[in-house]
> 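Pasting a structure here, questions to come.
None of the values given here were measured: they were computed from a predicted structure. What's counted below: heavy atoms across the whole structure, side chains too, no hydrogens, waters or symmetry copies.
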Amino acid sequence: MLRVWFVQAWIVAVLWAWKAIEAARGLPTVPDLLDADWDVSSAQGPTLTVIVPALDEAENIAACLSSLLAQDYTSLRIVAVNDRSTDETGAIMDSFAARYPDRLKVLHIADLPAGWLGKTHAMALAAGESESEYLLFTDADILFSSDALRRSMSYAVASQADHLVTLPTLVLKRWDEAALLSFFQVCAMWASRPWKVADPKAKRDAVGVGAFNLIRRDAYEKVGGFEALRMEIIEDLGIARRVKRAGLRQRVAFGKGLVNVHWAPGALGVVGVLTKNIFSAFRFQIPLLLFACGWLFAFCVLPVVVIVPELLLPAILTALSVALLYVGLGRHSGISAWNAALAPFAAWLLIYALLRSMVTTLRQGGVVWRGTFYPLAELKRHVAPMW
């Protein structure tokens, strides 16, 4: 038995070391929009429409719209969509539109058509109301620095991007948020490598983020827009995968502080968010999700649980490799690399979130998203392929 553990421990250690070396080489090649190269005038920039869907976001929408209206990108229009809100979201949007009628348009949705998720419907409707060259889909709880869109558009034009994700900066208010979300970022590099996103041959390396999905209009139309993703819960990743499969030019960039988001209060708040949508990332396939849980246990928990003298060396190599990944990401995310010490704790939390999402979805027979129930059978019928 010890020999089996020995072999497994070294396999895990070598794979972590390989990932750390790959990231050390690849991450520095991902553009940083804070560089002076992207601090250029937007006087001749392409037209851009920012689309902000919101359902019961009265607490956040004013700050989001204020940050967008403060942008120094000149060719900018904003479409805010009040998607069946029962709070003051729509009234707040209207108050902004009254003050900025030339820059902000508000759409009010009273009913959700059959066969649509609320968010995808809101974004598809807003995209149809715009004729700009580029579309930026974002969320109502995102805060933008005043130069975020100018720098992003500068890079999008220079790189001829059909789809650009400016990776958001996580606003962290508690240590447990930092522990879980930094670990989530490290794990994400096993699923999709940021430095390979621009490679058209790397079909599995696609990145989509709801905080910042910038897409050229003709590319949006070529992949079918959100009409092709009507029932896709993780629609940001869904459209990114369609862009990559279509052979279009996809780009990703760092930019610490340009696009800011606070996921949820505390680690359990993050688990609550993941409960709603993470099962859909596995296409509602139980074996895939259980495999992910097993991988997390074998690669992130066992190396620090099963420590005997014979396994000490691979355990040290694993720990050093994981720490190097945290250091590399921390340079761009601002999250302390010391969170690597909490990786096993975060792994347990993520396993719990995965299992909770699966069990909750199966028990309910579907997903409750923003007060609307979507049956599992219907979600499965419309599920998009992973790659």
> Taking Glu227 for the side chain and Thr120 for the main chain, is one N or O donor matched with an acceptor at less than 3.5 Å?
no
> Please indicate whether Trp338 has more than 12 foreign heavy atoms, meaning atoms of other residues, nucleotides or ligands, lying under 6.0 Å from its CH2.
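Open.
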> If Ile, Leu, Val, Met, Phe, Trp and Tyr residues are connected whenever their side-chain heavy atoms lie under 4.5 Å apart, and connections chain through other members, are Leu268 and Leu180 in the same group?
no
> Tell me whether Asp32 contacts the main-chain N or O of Leu34 through its side chain, where contact means a donor paired with an acceptor under 3.5 Å.
yes
> Does one hydrophobic cluster hold both Phe291 and Ile351, with members joined at side-chain heavy-atom distances below 4.5 Å?
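Phe291 does not cluster with Ile351.
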> Show me the pairs that pass salt bridge (Lys or Arg N to Asp or Glu O under 4.0 Å) and involve residues 107-124, at least two apart or across chains.
Lys119-Asp139, Lys119-Glu235
> Between Val207 and Ser192, what is the shortest heavy-atom contact and its length?
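Residues Val207 and Ser192, closest heavy atoms: CG2-OG, 3.6 Å.
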> How many angstroms lie between atom NZ of Lys222 and atom CG of Asp162, to the nearest 0.5 angstrom?
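It is 8.0 Å, given to the nearest 0.5 Å.
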> With hydrophobic residues grouped by side-chain heavy-atom distances under 4.5 Å, do Leu355 and Trp348 end up in a single group?
yes
> Do Ile78 and Tyr100 have side chains that get closer than 4.5 Å, going by heavy atoms?
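Counting from C-beta outward, Ile78 and Tyr100 never come under 4.5 Å.
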> Measuring from atom CD of Glu22 to atom CE of Met189, what distance do you get when rounded to the nearest 0.5 angstrom?
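That separation rounds to 9.0 Å.
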> More than 12 foreign heavy atoms under 6.0 Å from CD of Glu88: is that the case here?
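No, the 6.0 Å shell around CD holds no more than 12 heavy atoms from other groups.
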> Tell me, with the steps shown, if Ser145 and Arg151 meet side chain to side chain donor-acceptor pair (under 3.5 Å).
CA-CA 10 Å; Ser145 70; Arg151 288 176 179 269; over 6 Å; no
> What pair of heavy atoms forms the shortest contact from Asp56 to Ser85, and how long is it?
N-OG, 2.9 Å
> Please check if any side-chain donor atom of Thr360 sits under 3.5 Å from a side-chain acceptor atom of Thr275, or the reverse.
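Looking only at side-chain atoms, Thr275 and Thr360 do not form any donor-acceptor pair under 3.5 Å.
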> Could you tell me which non-hydrogen atom of Ala346 sits nearest to which non-hydrogen atom of Ala179, and how far apart they are?
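Scanning both residues, the minimum pair turns out to be CB-O, 3.5 Å.
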> Determine the minimum heavy-atom distance between Glu177 and Val171, stating which atoms define it.
OE1-O, 3.9 Å
> Determine, stepwise, if the pair Trp195 / Asp205 fulfils side-chain contact (heavy atoms from CB on, under 4.5 Å).
CA-CA 9 Å; Trp195 55 91; Asp205 295 293; over 6 Å; no
> Under the side-chain contact (heavy atoms from CB on, under 4.5 Å) rule, what do Leu181 and Val270 come out as? Steps first, then yes or no, please.
CA-CA 8 Å; Leu181 290 173; Val270 175; 3.8 Å; yes
> If you measure from CG on Leu117 to CG on Leu379, what distance do you get to the nearest 0.5 Å?
6.5 Å
> Quick check: do Ile142 and Pro168 have side-chain heavy atoms less than 4.5 Å from each other?
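They are not in contact (no side-chain heavy atoms under 4.5 Å apart), so the answer is no.
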> In terms of hydrophobic clustering (I, L, V, M, F, W, Y; side-chain heavy atoms under 4.5 Å; direct or indirect links), are Trp18 and Tyr326 co-clustered?
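Trp18 and Tyr326: one cluster.
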> State plainly whether the residues Arg283 and Glu232 are in salt-bridge range, i.e. N to O under 4.0 Å.
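Judged by the 4.0 Å cut-off on N to carboxylate O distance, Arg283 and Glu232 do form a salt bridge.
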> Check ring-ring contact (aromatic ring centres under 6.0 Å, His included) between Phe254 and all other residues, then give those that pass, not counting sequence neighbours.
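If we apply the ring-ring contact (aromatic ring centres under 6.0 Å, His included) test to Phe254, skipping adjacent residues, the hits are His332.
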> Rounded at 0.5 Å granularity, tell me how far CG in Leu296 sits from CZ in Phe183.
5.0 Å
> Looking at Glu59, I want to see if its CD is surrounded by more than 12 non-hydrogen atoms of other residues, nucleotides or ligands under 6.0 Å.
no
> Does the side chain of Ser152 come within less than 4.5 Å of Leu164's, by heavy atoms?
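Yes - at least one pair of side-chain heavy atoms lies under 4.5 Å apart.
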> Can any side-chain N or O of Thr89 pair as donor or acceptor with the backbone N or O of Leu55 at less than 3.5 Å?
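No.
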> Does Ser67 use its side chain to pair, donor to acceptor, with the backbone of Cys64 at less than 3.5 Å?
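Yes.
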> What I'd like to find out is whether the side chain of Ile239 reaches to under 4.5 Å of the side chain of Tyr220, using heavy atoms alone.
yes
> Hey, what's the ring geometry for Phe144 with Phe212, parallel, tilted or perpendicular (30° and 60° as the breaks)?
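Answer is tilted, since the angle falls between 30° and 60°.
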> Just so I know, are the side chains of Thr138 and Ile51 near enough to count as touching, which here means a heavy-atom distance under 4.5 Å?
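No - every pair of side-chain heavy atoms lies 4.5 Å or more apart.
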> Over all heavy atoms of both residues, which pair between Val52 and Ala140 is shortest? Give the atoms and the distance, please.
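Closest pair (atom of Val52, atom of Ala140, distance): CG1-CA, 3.8 Å.
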> Indicate if Leu290 and Val301 have the same hydrophobic cluster label, given that clusters are the connected sets of ILVMFWY residues with side-chain heavy-atom separations under 4.5 angstrom.
yes
> Within a reach of under 6.0 Å around CZ of Arg103, are more than 12 heavy atoms found that belong to other residues, nucleotides or ligands?
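Yes, the 6.0 Å shell around CZ holds more than 12 heavy atoms from other groups.
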> Kindly indicate, with the supporting measurements, whether the criterion side-chain contact (heavy atoms from CB on, under 4.5 Å) is fulfilled by Val261 and Leu170.
CA-CA 5 Å; Val261 58; Leu170 298 175; 3.9 Å; yes
> With no hydrogens and no angle check, do the side chains of Asp83 and His121 hold a donor and an acceptor under 3.5 Å apart?
no
> I'd like to know if the side chain of Arg217 reaches the main chain of Ser132, judged simply by a donor and an acceptor atom lying under 3.5 Å from each other, with no hydrogens or angles considered.
yes
> Going through the checks in order, is the side-chain contact (heavy atoms from CB on, under 4.5 Å) test met by Phe284 and Ile233?
CA-CA 11 Å; Phe284 303 106; Ile233 292 178; 4.0 Å; yes
> Do Phe137 and Ile215 have side chains that get closer than 4.5 Å, going by heavy atoms?
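A side-chain contact exists here, since the closest heavy-atom pair is under 4.5 Å.
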> To the nearest 0.5 angstrom, please state how far the SG atom of Cys187 sits from the CH2 atom of Trp295.
5.0 Å
> Side chain of Arg77, backbone of Asp102: donor and acceptor closer than 3.5 Å?
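Checked: pair present.
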> Measuring only between side-chain heavy atoms, which start at C-beta, is Thr372 closer than 4.5 Å to Arg84?
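Result yes, sub-4.5 Å side-chain heavy-atom pair found.
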> Judged by atom type as modelled, is there a donor-acceptor pair below 3.5 Å linking the side chain of Ser357 to the main-chain atoms of Phe279?
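Answer holds: yes.
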> Looking only at atom types and distance, does a side-chain atom of Asn339 sit under 3.5 Å from a main-chain N or O of Ser336, one as donor and one as acceptor?
yes
> Under 3.5 Å, is there a donor-acceptor pair between the side chain of Gln71 and the main chain of Leu149?
yes
> At what distance, to the nearest 0.5 angstrom, does CD1 of Ile61 lie from CG of Asp141?
9.0 Å
> Less than 4.0 angstrom from a charged side-chain N to a carboxylate O is my criterion; do Asp39 and Arg150 meet it?
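The answer is yes: the pair qualifies as a salt bridge.
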> For Val81 and Ala126, which heavy atoms make the closest approach, and how far apart are they?
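Closest heavy-atom pair between Val81 and Ala126: CG2-CB, 3.7 Å.
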> Does any non-hydrogen side-chain atom of Thr169 lie less than 4.5 Å from one of Leu258?
no
> Under 3.5 Å, side chain of Gln285 to main-chain N/O of Pro287, donor-acceptor pair present?
no
> Which ring-ring contact (aromatic ring centres under 6.0 Å, His included) pairs, counting each pair once, include a residue from residues 159-180, with sequence neighbours left out?
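Every pair satisfying ring-ring contact (aromatic ring centres under 6.0 Å, His included) with a residue in residues 159-180: Trp175-Phe345.
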